[in-house]
Trainee: 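Here it is, the structure in full.
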Amino acid sequence: MSRPRIVIVGAGFAGYRTARTLSRLTRHQADITLLNPTDYFLYLPLLPQVAAGILEPRRVTVSLSGSLPHVRLVLGEADGIDLDEHTVHYTGPEGGEGTLPFDRLVLAAGSVNKLLPVPGVAEHAHGFRGLPEALYLRDHVTRQVELAAAADDREECAARCTFVVVGAGYTGTEVAAHGAMYTDAQVRKHPMRTGMRPRWMLLDVAPRVLPEMDERLSRTADRVLRQRGVDVRMGTSVKEATHDGVVLTDGTSVDTRTLVWCVGVRPDPLVESLGLPLERGRLLVDPHLQVPGRPELFACGDVAAVPDLTQPGQFTPMTAQHAWRHGKVCAQNVAASLGIGERRPYHHRDLGFVVDLGGAKAAANPLGLPMSGPAAGAVTRGYHLAAMPGNRVRVAADWLLDAVLPRQAVQLGLVRSWSVPLESSSPEVARVAGRPERDAEQTARTGTNGTTGTTGTTGKESRAEPPKSRPGGEPAKSRPGGEPAKNQPGGERAKNQPGGEAAKKQPGGEPAKNQPHPPRAAGNPRRAGEGGGTGPARGSGKARKTSRASGGGRPTAPSGPTRAAGPPADPGPEPPANQPPPGPDIAPGPVKRTDGRRAEGDS
């Protein structure tokens, strides 16, 4: 008799805990497959410290294959679920597609940035949900301080030194607190930057900072932020965003080149296409984290509306603490459905919250005991070390080095502005220049509420092309290095260059030369809903993601520059409108704007 097949979609707090606990409970009695776009688990609470230069990026990641040796890891994004056929369709990081059969399915796909219908935000703001966004923010803030120091105009200097964070929740508060310390360290004791005053603003329509937490934590965080010079404005948000600044809801105009969007998250839209009952975008489950009427389907984490047994009629909030506990209970109940152990309902006990405000400052209420100052800082860092499933020694070492050595304020330029669009359906994956995007074959879908851009019951957002006011938004010819050259993708047919080989070297078998992977036929049955379809009907048991954000496409072959010798060939056709031009061997210079202004940096 074959062993039961368990597929887990997503390796966030809930998915990772589910896989780890199931691996221990089943003891080789089941085949466990984990489907995730990246090969690591990301410890999100420490992401602000990556943006502030305290921790190196790999410190907040844990290898999935290394920490889950008995779990099969499949790299890819789920874009279709057929509950009747018990299959999950996915697309890999290089454009390949596959199908995973299952006997039990656990949905733990997590969440994405929540958008609001504010003009200009999607084009000029950046979120803070993944490692690429944190790396981009660190580079961007560093670059703005350096450009401000070299600017002759005082107004330009002030604009580049102004950083606006929207959303005073857990993430936004920590980003503003760490960011203020980071920029102050760059100008302090620097003789060429005397007189520069970095300005951080924290906006929210809520009446206080950290509105979802205890009021005492809110007062502590507010006091620390104001002591560091952060301009905290409650009851205020952004009315409009432009390349040169933002207009606030109180009518104030703020010149800035940095807008960080931390207003919250929403469940991964994959669950919307299942045709099952939802609660504010989350899949309704019973206290055992099982979907009613679907004994083979479980859900946990941010995509699941789990009844809160301590507060009848309420659902557990979308926090990492709940997601981590969901994973353990979900694994126990999946194992029980296979005859291993007994089912148990999800019942939690609040352990309190911790908010790291940088340095020795923090706000915490462990077990309901309010704390502030160095004591809260020690409790906060101790909690994070205990909660991390790996890298504890490396994280502690980075903290120690940060306490005794100055931070390295350098920009690496590895993540560009257009690589991390705000409405990305996959914030954990950076968009790569020059690779074929799956959006090219789809019609751009725009929503009327300004929050998604979806059609029917399908999930992921789609953007037609990068904004022209941001790097990557212009066609190739208007950017330095944009013309096809023999050291750029598409400029020369070389044997070691993508697109230069015959059909047998390319997926799909078409003899396309100097061309990316040919677009998929419109009648592909794996893409239900394309070409204006409305998605599956409710209750059909079939789900398909019909569109991806601009950062969600997957390449079919490497697209980096080559140095192959030989005579130049005819340049291929220009890139499609929704695909950024291939990058040259070095980072391109300033982007040529359509309005005649020079766009400096990556703002």
Side-chain angles (χ1 to χ4, degrees), residues 4-27 29-30 32 34 41 68 71 81 83 86 102-111 212-213 265-268 270-272 274-353 366-368 386-387 389 541:
R5 300 160 300 183
I6 304 172
V7 174
I8 303 170
V9 178
F13 280 91
Y16 180 84
R17 186 76 182 278
T18 301
R20 193 172 73 169
T21 307
L22 264 175
S23 177
R24 176 178 55 85
L25 293 176
T26 57
R27 296 182 182 275
Q29 300 179 46
I32 305 173
L34 181 60
F41 160 77
L68 302 173
V71 175
I81 299 176
L83 295 178
H86 285 204
F102 64 83
D103 298 305
R104 298 292 185 275
L105 175 63
V106 178
L107 287 180
S111 53
E212 69 277 9
M213 297 185 184
V265 296
R266 62 189 181 92
D268 191 299
L270 171 65
V271 299
E272 298 177 4
L274 287 171
L276 298 174
L278 302 176
E279 169 63 29
R280 294 187 178 181
R282 294 195 286 173
L283 195 60
L284 279 172
V285 297
D286 61 23
H288 299 92
L289 285 79
Q290 195 168 23
V291 177
R294 290 286 181 177
E296 77 284 3
L297 180 59
F298 295 78
C300 54
D302 290 350
V303 298
V306 182
D308 189 346
L309 298 183
T310 63
Q311 303 181 45
Q314 302 293 321
F315 297 94
T316 59
M318 297 167 62
T319 64
Q321 190 176 117
H322 280 290
W324 188 252
R325 297 175 182 177
H326 286 176
K328 181 179 180 180
V329 175
C330 184
Q332 292 172 336
N333 291 335
V334 170
S337 70
L338 301 174
I340 304 173
E342 297 181 355
R343 292 206 314 167
R344 54 170 292 189
Y346 177 73
H347 190 283
H348 76 281
R349 177 170 174 259
D350 189 6
L351 299 178
F353 291 92
L367 302 177

Trainee: Can you name the residues that form a salt bridge (Lys or Arg N to Asp or Glu O under 4.0 Å) with Arg5, not counting sequence neighbours?
Mentor: Asp103

Trainee: CZ/Phe315 to CD/Glu279 distance, rounded to the nearest 0.5 angstrom?
Mentor: 4.5 Å

Trainee: Evaluate the side-chain proximity of Leu351 to Arg325: yes if any heavy-atom separation is below 4.5 Å, no if none is.
Mentor: yes

Trainee: Looking at every non-hydrogen atom in both residues, tell me the closest pair between Ala331 and Thr18 and how far apart they are.
Mentor: CB-O, 3.6 Å

Trainee: Which distance, rounded to the nearest 0.5 Å, do you find between the CE of Met318 and the CZ of Arg280?
Mentor: 11.5 Å

Trainee: Please check this pair: side chain of Ser23 against backbone of Ala19, looking for a donor-acceptor N/O pair closer than 3.5 Å.
Mentor: no

Trainee: Using 30° and 60° as the class boundaries, would you call the ring planes of Phe41 and Phe13 parallel, tilted or perpendicular?
Mentor: perpendicular

Trainee: Val303 versus Leu283: any side-chain heavy-atom pair under 4.5 Å?
Mentor: no

Trainee: Applying side chain to side chain contact (heavy atoms under 4.5 Å, CB included), run through His348 and Gln321 and close with a yes or a no.
Mentor: CA-CA 10 Å; His348 76 281; Gln321 190 176 117; 5.9 Å; no

Trainee: Which value, rounded to the nearest 0.5 Å, describes the distance between His86 atom NE2 and Arg104 atom CZ?
Mentor: 8.5 Å

Trainee: Can you see which heavy atom on Gly301 is nearest to which on Ala323, and at what distance?
Mentor: CA-CB, 4.0 Å

Trainee: Dump the intermediate steps for side chain to side chain contact (heavy atoms under 4.5 Å, CB included) on Arg20 and Leu68, then the final yes or no.
Mentor: CA-CA 6 Å; Arg20 193 172 73 169; Leu68 302 173; 3.7 Å; yes

Trainee: Any heavy-atom pair between the side chains of Arg282 and Val271 that's under 4.5 Å?
Mentor: no

Trainee: Kindly indicate whether the side chain of Leu274, heavy atoms from C-beta on, has any atom under 4.5 Å from the side chain of Leu107.
Mentor: yes

Trainee: Looking only at heavy atoms, which two atoms of Leu34 and Gly10 are closest? And how far apart?
Mentor: CD1-O, 3.4 Å

Trainee: Going from OG1 on Thr316 to CG on Leu289, what distance comes out if it is rounded to the nearest 0.5 angstrom?
Mentor: 8.0 Å

Trainee: Is there a side chain to side chain contact (heavy atoms under 4.5 Å, CB included) between Tyr346 and Cys300 once you walk through the steps?
Mentor: CA-CA 10 Å; Tyr346 177 73; Cys300 54; over 6 Å; no

Trainee: If you round to the nearest 0.5 Å, how far is CG of Asn333 from CG of Leu338?
Mentor: 11.0 Å

Trainee: Where do Ala335 and Leu25 come nearest, in terms of heavy atoms and distance?
Mentor: CB-CD1, 4.1 Å

Trainee: Which atoms form the tightest heavy-atom contact between Arg294 and Gln290, and what is the distance?
Mentor: O-CG, 4.1 Å

Trainee: With distance as the sole test, does Arg17 use its side chain to make a donor-acceptor pair with the main-chain N or O of Trp324 at under 3.5 Å?
Mentor: yes

Trainee: Just so I know, are the side chains of Ile81 and Leu105 near enough to count as touching, which here means a heavy-atom distance under 4.5 Å?
Mentor: yes

Trainee: Quick one: list whatever passes side chain to side chain donor-acceptor pair (under 3.5 Å) with Thr310, sequence neighbours left out.
Mentor: Asp308

Trainee: Kindly indicate, with the supporting measurements, whether the criterion side chain to side chain contact (heavy atoms under 4.5 Å, CB included) is fulfilled by Val291 and Leu284.
Mentor: CA-CA 7 Å; Val291 177; Leu284 279 172; over 6 Å; no

Trainee: Taking all atoms of both residues into account, what is the closest heavy-atom pair of Leu309 and Pro345, and its distance?
Mentor: CD1-CB, 4.1 Å

Trainee: Looking at OH of Tyr16 and CD1 of Ile8, how far apart are the two atoms once the value is rounded to the nearest 0.5 Å?
Mentor: 11.5 Å

